[in-house]
Amino acid sequence: MKKIKIVANWKCNPGTLKEAKVLFNLLTSELKKNFLILKDVETIVCPPFLYLPFFVFQVKNLKHYNLKFGAQNCFWEEKGPFTGEVSPLMLKNLGCQYVILGHSERRQILKETELMIGKKIKTALKAKLKPILCIGESLEEKKKKKTFQVLRRQLKIVFPEISKVIIAYEPVWAIGTAMPCPPGEAQKILFFLKKFSEKSKILYGGSVNSQNCKEYIKVGFDGLLVGSASLIPKEFVQILKNATNEI
Ligand code: PEP
């Protein structure tokens, strides 16, 4: 049976460690209760950097939850004079397995370029982290029918190592908007992306909730990237359960 990956991107939330611990404990207790149902789902929690050590330390005693950790970003050097940066090597040594790279919020707000993202992917792979590369067109690009052109350009940076990268198709207009990409439309993109690499896992992200999640698995995605809904443990676990039913 195929295994799916569901990524929880907490973004810059919550505001305190105390709240983060409450959220994490609620999530793990739900995962524990539903362990048998969720055995084919790998849950990848990506909290802010600061909270990672607390969770990673705790999860060492909770091996069988099928729970993994990821960061929401990393730098392209291993160490050195780079004030404010966190390297893939540090994340790997801490116990992370994944890192989200190229999220549209970083591309737009922090002006990350494809060159920068490409370098980050290379260093992450070198550190044996699994990069989750976010790609997706803006509303303007969609309206101009440039979706495929944009995706092709965004993917180019990972050649020839594309098969080692998890790709998250996240149309920018669907992120945090309650306007998910219709599953049929997303499936056309999935087929397009599969042409570049049969081996790569391809996730869908953009306003996923417990109602619509199963549709994306049904049309063939290998998992989901969840933002806002991952901050509500019961809703998030419902997403895991509903998505599993479609494997
Ligand atoms: C995201 O942050 O990548 C995301 C998909 O957010 P949301 O689920 O809130 O649309």
Side-chain angles (χ1 to χ4, degrees), residues 1-11 27 30-31 33-46 66-68 70 98 100 102-105 132-139 141-143 145-148 150-151 154-155 165-247:
M1 194 193 245
K2 134 172 172 180
K3 275 211 173 193
I4 56 170
K5 294 181 189 291
I6 302 200
V7 184
N9 177 13
W10 286 10
K11 309 195 188 195
L27 173 64
E30 285 292 325
L31 289 179
K33 266 193 260 165
N34 295 288
F35 175 66
L36 279 180
I37 307 171
L38 297 177
K39 65 183 187 335
D40 297 311
V41 187
E42 186 177 66
T43 306
I44 303 161
V45 179
C46 303
N66 229 344
L67 183 59
K68 301 275 163 63
Y98 292 89
I100 298 174
H103 192 282
S104 64
E105 286 153 12
I132 303 168
L133 171 66
C134 300
I135 57 171
E137 80 287 4
S138 66
L139 189 57
E141 289 160 341
K142 180 181 162 63
K143 282 184 184 158
K145 304 209 178 311
K146 286 190 171 164
T147 300
F148 292 113
V150 170
L151 297 178
Q154 291 176 333
L155 271 186
V165 173
I166 298 163
I167 298 160
Y169 171 57
E170 296 211 299
V172 181
W173 48 272
I175 297 179
T177 56
M179 274 188 0
C181 180
E185 205 178 301
Q187 190 185 36
K188 285 188 195 136
I189 307 286
L190 173 69
F191 290 158
F192 171 76
L193 297 176
K194 284 275 177 205
K195 279 194 233 158
F196 290 89
S197 170
E198 269 298 316
K199 277 194 196 152
S200 301
K201 298 273 180 219
I202 303 181
L203 318 181
Y204 169 77
S207 297
V208 170
N209 58 37
S210 60
Q211 301 301 305
N212 62 26
C213 61
K214 45 187 179 293
E215 301 303 324
Y216 299 101
I217 304 301
K218 209 189 266 178
V219 300
F221 281 93
D222 301 298
L224 303 162
L225 201 159
V226 186
S228 354
S230 70
L231 293 166
I232 311 161
K234 276 220 179 322
E235 171 69 359
F236 184 64
V237 174
Q238 199 55 50
I239 292 175
L240 302 177
K241 284 189 197 167
N242 291 354
T244 316
N245 284 337
E246 293 305 323
I247 304 178

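Along the sequence shown, the residues carry numbers beginning at 1. Source: prediction; values computed, not measured.
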Distance, nearest 0.5 Å, that separates [atom1] of [X] from [atom2] of [Y]:
X	Y	atom1	atom2	answer
Ile6	Ser230	CD1	OG	11.0 Å
Cys213	Gln238	SG	CD	8.0 Å
Ile202	Phe191	CD1	CZ	10.5 Å

Is the backbone N or O of Leu31 less than 3.5 Å from a side-chain atom of Asn66, with the two atoms forming a donor-acceptor pair by type?
no

Examine distances only and state if a side-chain atom of Tyr204 and a backbone atom of Gly206 form a donor-acceptor pair shorter than 3.5 Å.
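At least one qualifying donor-acceptor pair exists.
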
Please enumerate all residues that pass salt bridge (charged side-chain N to carboxylate O under 4.0 Å, His left out) together with [X], with sequence neighbours excluded.
X	result
Lys142	Glu185
Lys11	Glu105
Lys33	Glu30
Lys5	Glu42

Using the test side chain to side chain donor-acceptor pair (under 3.5 Å), find all partners of Thr147 that sit at least two apart in sequence or belong to another chain.
none

Under the ring pair (Phe, Tyr, Trp, His ring centres under 6.0 Å) test, residues paired with Phe196 that sit two or more places apart
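Residues passing ring pair (Phe, Tyr, Trp, His ring centres under 6.0 Å) with Phe196: Phe192.
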
Which residues share a ring pair (Phe, Tyr, Trp, His ring centres under 6.0 Å) with Trp10, sequence neighbours left out:
Phe55

Show the nearest heavy-atom pair for residues [X] and [Y], with the distance to one decimal.
X	Y	answer
Lys194	Asp222	NZ-OD2, 3.4 Å
Gln154	Leu133	O-CD2, 4.1 Å
Asn209	Glu235	CB-OE2, 3.4 Å

Sole residue of Ile44, Ile132, Ile4, Val208 in side chain to side chain contact (heavy atoms under 4.5 Å, CB included) with Leu203
Ile132

Residue among Leu231, Leu225, Val45 satisfying side chain to side chain contact (heavy atoms under 4.5 Å, CB included) with Asn9
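Testing Asn9 for a side chain to side chain contact (heavy atoms under 4.5 Å, CB included) against Leu231, Leu225, Val45 leaves exactly one candidate, Leu225.
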
Partners meeting side chain to side chain contact (heavy atoms under 4.5 Å, CB included) with [X] (sequence neighbours left out):
X	answer
Val219	Pro183, Gln187, Phe221
Lys199	Ser163, Ser197
Lys188	none
Lys218	Glu215, Glu246

With side chains defined as the heavy atoms from C-beta onward, is the minimum distance between [X] and [Y] less than 4.5 Å?
X	Y	value
Tyr216	Leu224	yes
Leu151	Ile189	yes
Leu38	Thr43	no

Please tabulate, one pair per line, all N/O donor-acceptor pairs under 3.5 Å involving side-chain atoms of residues 166-176, not counting sequence neighbours.
from, atom 1, to, atom 2, distance (Å)
Tyr169, OH, Glu137, OE1, 2.9
Tyr169, OH, Glu137, OE2, 3.1
Trp173, NE1, Glu137, OE2, 2.9

Taking it one step at a time, do Lys214 and Asn245 satisfy side-chain contact (heavy atoms from CB on, under 4.5 Å)?
CA-CA 8 Å; Lys214 45 187 179 293; Asn245 284 337; 6.0 Å; no

